[in-house]
Amino acid sequence: MNPDICRERENATFNTETLTNMLDGSAEKTRRRREIESLVINDPDFQHDDPNFMSRSERYDAAVKKSSQMIMKLRDYGISDPEEIYFYKRTARRTFHEAFGLHYTMFLPTLYSQCTPEQQKKWLPLAENFKALGTYAQTELGHGTHIRKLETTATYDPSTQEFVLNCPTVSSIKWWPGGLGKTSNHAIVLAQLYTLGKCHGLHAFIVPIRCMKTHQPLPGVTVGDIGPKFGFEEVDNGYLKLENVRIPRENMLMKYAQVEPDGSYLKPPSDKLTYGTMVFIRAMIVGESARALSKSCTIAIRYSAVRHQSELRPGEPEPQILDYQAQQYKLFPLLAAAYAFTFVGQYMSDTYHRITGHINQGDFSQLPELHALAAGLKAFTTWTANAGIEVCRMACGGHGYLCCSGLPDIYVTFTPTCTYEGENTVMMLQTARFLVKCYRQAREGQQLSGTVSYLNEQQRLQPQPVSSRPTVVNINDLASLVEAYKLRAAKLVEVAAKSLQGELQRSISQEDAWNNSSIELVRASDAHCHYVVVELFAAKLSEISDTAVHSVLNTLALLYALHGITLNSGDFLQLSQITQRIKALLVEIRPNAVALVDSFDYNDEMLNSVLGRYDGNVYESMFEWAKRSPLNRTEVRSFIIFNIIQKK
Ligand SMILES: CC/C=C\C/C=C\C/C=C\C/C=C\CCC(=O)SCCNC(=O)CCNC(=O)[C@H](O)C(C)(C)COP(=O)(O)OP(=O)(O)OC[C@H]1O[C@@H](n2cnc3c(N)ncnc32)[C@H](O)[C@@H]1OP(=O)(O)O
Ligand SMILES: Cc1cc2nc3c(=O)[nH]c(=O)nc-3n(C[C@H](O)[C@H](O)[C@H](O)COP(=O)(O)OP(=O)(O)OC[C@H]3O[C@@H](n4cnc5c(N)ncnc54)[C@H](O)[C@@H]3O)c2cc1C
């Protein structure tokens, strides 16, 4: 064990196991998670070479093999709890996505949430036993964001009681769905529903695309892989062109909207229920932001504890780079964000399941807030984590740029979360739409609830415009900082609403007024999400009984809140005091940095990083990894070079 990293662990002021248990929910949950992870770690079937040593085709084949192995093994172990399945899979896939990913994350959830009981009786056994292997095909070449303009059509033929599916133009070809190119034999296809000559907008259909026996494309189906991408090399994101493909009427997902045998259309309680799977994934991505950022911090901080470089004081030994204030200022606010997002991810998941429970009982009243919260927190946390992973990579110097550091793979796998499941700017504007509506309701005296109730509070407290009030905070008191973020959010929502109002008074259209206020609208949503994150971090602390853990997390929460102020200093005051306080907090966190990342409890296999190894023996393992590179399988690789060198 590297002596530096041993010393770091000896210096910690809290018990990492206590914090790990808290993050898992209990000591028993920690035990069980580790037990499941060890099933993978000790399984020779999952000991394979680094995918970075493989070609794209080899990586895809290996991913398919791993997906099918996991299915068999989970069955053999009798593991069926969704959270335990997730622990097993996350350990097996390490930093990469799995070939059957979309089947689990979108195809099955859509069947669960949008099929009638009769349709579930038919499709769930097929899908749960992987006879029907599916994806979620919504995006087209011409449209990803603007789904109301998707062009694929599903036209009902009452004479045969079938839907006829077509991609009428090049731009209507389905493009991007994960697992579509080579893996899936079915797809949930989002298409414009036409019946009795009328268009009823976007609806979801189960479409067989490959023969369940031969896996060959079915008649009228053109399907394939869209080619290499920035990352996601294990996933066959694909294209799908449908030409007069006929499916039975029963293949339209009819839990909310129906087409009768005669073609008459029965509309849903809300036309946004078709968008439900997207809200689910957005909500889950918040937790993924926390995991990607916490992994990156674990790698960068452990490496920074064992890396010695440069000279802090003349004549003294080279210091650990973690002792540089600049290195701490890069990494510790990200560490704080990783903890903040861990708590927000738990809150978002709980909120999603609570509200969808009400929706399943027919209460749709909280759907708008769920949509706004999931959209905003997905954008806010992925933008922060995306940038943070890059900071962690660069904080590891040259070795961070090696694939064996794990950081490039974490980055290229995570970065599309800023785009897929709702491009982040578009998501922030969706949240702003909800905030402006709530602001207007508060002005009219309506009582708001949930995460926007502060808009009432600000109206009651002081009638004068929020933006006229200075933001003065007690920089040592988290509650005071929460208030500052609340006031900032209220201020920026008011600024955005007034910008809209001003544009409208210039008698331009609502749509142009909206577009001309987009900067303020996005800033308002960002401030709202930032307040929610700080507020939830503070609320979590009130649940922690262990004084040592409470103290270290309180320090992180203060750092997160104060650092956020320096990033948005235009909205707050007291910058110089805050900078000094931040420096003091960095010093406070320094002895606990490694213990704080240890508490995330990532085993080496899942971390997949020679820099972030638990034992800190980075150089030895880097050298061993490099020697396994395919280019090193022969001493002399290119005889052309050999001939040139030998040429007389
Ligand atoms: C288990 C998983 C674990 C972890 C996850 C990890 C990894 C991810 C795994 C898989 C993901 C892999 C790949 C990604 C897959 C995809 O990308 S699928 C495709 C995703 N595509 C999108 O997200 C499209 C984005 N666009 C939209 O959602 C919509 O076009 C829009 C919301 C931008 C606009 O929709 P419109 O219908 O035009 O609406 P509007 O005019 O803006 O607003 C009208 C009202 O409707 C409300 N609204 C909009 N959307 C929703 C919704 N989803 N739910 C509820 N309400 C909604 C909106 O608020 C308006 O309401 P008003 O009251 O203001 O009128
Ligand atoms: C790795 C990956 C996996 C994917 N998997 C799937 C899948 O399984 N299934 C599926 O259906 N799709 C999938 N997608 C597609 C993904 O959902 C879309 O790419 C995403 O929704 C963004 O849409 P777009 O590509 O049309 O971007 P665009 O909307 O064209 O974005 C381009 C720019 O336009 C801006 N813009 C667009 N509209 C507005 C607006 N109203 N106001 C302001 N600015 C705007 C955006 O902010 C952005 O800067 C995947 C994509 C990726 C990268």
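Quick note: numbers below take in every heavy atom, side chains included, and nothing from hydrogens, waters or symmetry partners. The structure displayed is predicted, hence computed values, not measured ones.
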Worked verdict on Tyr602 versus Ser294 for side chain to side chain donor-acceptor pair (under 3.5 Å): CA-CA 9 Å; Tyr602 288 119; Ser294 55; 2.7 Å; yes
Working for side-chain contact (heavy atoms from CB on, under 4.5 Å), residues Tyr136 and Val189: CA-CA 6 Å; Tyr136 182 87; Val189 173; over 6 Å; no
CA sep, side-chain torsions, deciding dist, call: Phe343, Val533, side-chain contact (heavy atoms from CB on, under 4.5 Å): CA-CA 8 Å; Phe343 304 140; Val533 171; over 6 Å; no
Leu240 vs Thr222, side-chain contact (heavy atoms from CB on, under 4.5 Å): CA-CA, chis, key distance, verdict: CA-CA 6 Å; Leu240 172 69; Thr222 305; over 6 Å; no
Verdict with supporting geometry, Ile206 and Trp123, side-chain contact (heavy atoms from CB on, under 4.5 Å): CA-CA 9 Å; Ile206 302 176; Trp123 288 105; 3.5 Å; yes
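Between the side chain of Thr139 and the backbone N or O of Trp176, no donor-acceptor pair lies under 3.5 Å. One N or O on the side chain of Glu369 and one on the backbone of Thr451 form a donor-acceptor pair closer than 3.5 Å. Here the side chain of Thr415 pairs no donor or acceptor atom with the backbone of Tyr411 at under 3.5 angstrom. Without hydrogens or angle criteria, Ser609 side chain to Leu611 main chain gives a donor-acceptor distance under 3.5 Å. No side-chain donor-acceptor contact under 3.5 Å links Lys295 to the backbone of Leu407. A donor-acceptor distance shorter than 3.5 angstrom exists from the side chain of Gln119 to the backbone of Glu250, with no hydrogens or angles considered. Here the side chain of Glu98 pairs no donor or acceptor atom with the backbone of Ala63 at under 3.5 angstrom. The main-chain N or O of Val40 is never found under 3.5 Å from a side-chain atom of Thr91 such that the two would form a donor-acceptor pair. Thr356 contributes no side-chain N or O that, together with a main-chain N or O of Ile359, makes up a donor-acceptor pair within less than 3.5 Å. Between the side chain of Asp24 and the backbone N or O of Ser26, no donor-acceptor pair lies under 3.5 Å.
A donor-acceptor contact closer than 3.5 angstrom is absent between the side chains of Ser38 and Glu35. A donor atom on one side chain and an acceptor atom on the other are not found under 3.5 Å apart for Thr145 and Glu423. When only modelled atom types and interatomic distance are considered, Asn185 and Lys131 share no side-chain donor-acceptor pair under 3.5 Å. Side-chain contact annotation: Thr381 with Thr384, donor-acceptor N/O pair under 3.5 Å absent. For the 3.5 Å distance criterion, the side chains of Ser171 and Thr169 qualify, holding a donor opposite an acceptor. At a cut-off of 3.5 Å, with distance as the only test, a side-chain donor of Asp236 or Thr183 sits close to an acceptor on the other residue. No side-chain donor-acceptor contact under 3.5 Å links His215 and Lys182. The closest side-chain donor-acceptor pair between Thr160 and Arg246 falls under 3.5 angstrom. A donor atom on one side chain and an acceptor atom on the other are found under 3.5 Å apart for Asn424 and Thr382. No donor-acceptor contact under 3.5 angstrom links the side chains of Gln192 and Arg148, judged on distance only. Using modelled atom types and a 3.5 Å distance limit, the side chains of Thr277 and Thr110 yield a donor-acceptor pair. Remark: the Asn608 side chain and the Asp409 side chain contain no N/O donor-acceptor pair separated by less than 3.5 Å. Between Thr214 and Gln216, the side chains place no donor N or O within less than 3.5 Å of an acceptor N or O (distance only, hydrogens not considered). Between the side chains of Tyr156 and His200, not a single donor N or O lies within less than 3.5 Å of an accepting N or O. Remark: the Glu140 side chain and the Thr152 side chain contain an N/O donor-acceptor pair separated by less than 3.5 Å. In this structure, a donor-acceptor pair under 3.5 Å is absent between the side chains of Thr274 and Gln114.
Taking the charged nitrogens against the carboxylate oxygens, Arg291 and Glu288 do have a contact shorter than 4.0 Å, which makes a salt bridge. Of the charged side-chain nitrogens involved, at least one lies within less than 4.0 Å of a carboxylate oxygen, so that Glu37 and Arg90 count as a salt-bridged pair. Between Arg249 and Glu162, none of the side-chain N atoms (NZ, or NE/NH1/NH2) sits under 4.0 Å from a carboxylate O, so this pair counts as no salt bridge. For the pair Arg34 and Asp601, the salt-bridge criterion is met [side-chain N within less than 4.0 Å of a carboxylate O]. A salt bridge between Asp604 and Arg613 is absent, with no side-chain N of the basic residue lying under 4.0 Å from a carboxylate O of the acidic one.
Relative orientation of the Phe232 and His97 rings is tilted, given thresholds of 30° and 60° on the angle between their planes.
Between His103 and Phe130, the ring centre distance stays below 6.0 Å.
Rounding to the nearest 0.5 Å gives a distance of 12.0 Å between CD of Gln430 and NZ of Lys378. A distance of 12.0 Å separates NZ in Lys149 from CG in Leu202, rounded to the nearest 0.5 Å. Note that NE2 of His48 and CG of Asp45 are 10.5 Å apart. Values are rounded to the nearest 0.5 Å. Note: Asn360 CG to Ile355 CD1 = 12.0 Å, rounded to the nearest 0.5 Å. Between atom CD of residue Gln346 and atom CG of residue Leu23 there is a gap of 7.0 Å, rounded to the nearest 0.5 Å. Expressed to the nearest 0.5 Å, how far CG of Leu193 lies from OG1 of Thr155 amounts to 8.0 Å.
For the pair Tyr77 and Tyr88, the minimum side-chain heavy-atom distance is below 4.5 Å. Inter-residue side-chain proximity for Thr417 and Phe414 is flagged as met; some heavy-atom pair is nearer than 4.5 Å. Annotation: side chain of Asn237 is not in contact with side chain of Tyr420 (no heavy-atom distance under 4.5 Å). Ile36 has its side chain within reach of Arg32: a pair of non-hydrogen atoms, C-beta onward, lies under 4.5 Å apart. The side-chain heavy atoms of Ile209 and Leu180, taken from C-beta on, include a pair separated by under 4.5 Å. Residues Pro217 and Arg210 are in side-chain contact: their nearest non-hydrogen atoms beyond the backbone lie under 4.5 Å apart. Considering only heavy atoms from C-beta on, Glu233 comes within 4.5 Å of Pro228 through its side chain. Counting heavy atoms from C-beta on, the side chains of Tyr401 and Pro408 never come closer than 4.5 Å.
Heavy-atom neighbours of Lys65 NZ from other residues, nucleotides or ligands within 6.0 Å: at or below the threshold of 12.
A cation-pi geometry, defined here as NZ or CZ lying under 6.0 Å from the six-membered ring centre and within 45° of its normal, does not hold between Lys272 and Tyr256. Both tests hold for Lys73 against Phe46: distance to the six-membered ring centre under 6.0 Å, angle to the ring axis within 45°.
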